[in-house]
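This report concerns only the one structure given below.
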Amino acid sequence: MRARRNDLGWSQEKAAAECGIHWTHLGQVERGPRSSRIENILKIARGLRTTPGALMDGLPLPE
């Protein structure tokens, strides 16, 4: 998520507004201490103009 947001040149606040979520939620999901429901993953992907799969590519599998 952070990489895509940076590609767009957006702050967390701008990205969160585009996604329709609170910027603190986006920041926590980006850093990893918080997971997100599928509904929010879809919102984030749409807001960042990408796909949910592209956001998940390269993530480590949970243990």
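Distance check: I44 CD1 to I21 CD1 gives 4.0 Å after rounding to the nearest 0.5 Å. Note: M56 CE to M1 CE = 6.5 Å, rounded to the nearest 0.5 Å. To the nearest 0.5 angstrom, Q12 atom CD is 9.0 Å from N6 atom CG. Atom CG of residue L42 and atom OG1 of residue T51 lie 10.5 Å apart, to the nearest 0.5 angstrom.
Cluster annotation: W10 is not connected to W23 through the hydrophobic network of ILVMFWY side chains, with a link wherever side-chain heavy atoms come within less than 4.5 Å.
Closest non-hydrogen pair, N40 versus S36, comes out as CB-OG, 2.9 Å. Closest approach of L48 and L8 over heavy atoms only: O-CD1, 3.6 Å. Nearest heavy-atom pair, P52 versus A45, reported as atom, atom and distance to 0.1 Å: N-CB, 3.6 Å. The shortest non-hydrogen separation linking L26 to A16 is CD2-N, 3.7 Å.
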Test R5 against K14 for side chain to side chain contact (heavy atoms under 4.5 Å, CB included), laying out the working first. CA-CA 9 Å; R5 177 175 61 76; K14 165 74 173 166; over 6 Å; no
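Although no hydrogens or angles enter the test, the distance criterion places no donor-acceptor pair under 3.5 Å between the side chain of R34 and the main chain of Q28. In this structure, the side chain of R31 engages the main chain of G27 through a donor-acceptor pair within 3.5 Å.
Salt-bridge formation is not detected for the pair E39/K43: no Lys NZ or Arg NE/NH1/NH2 atom is positioned less than 4.0 Å from an Asp or Glu carboxylate oxygen.
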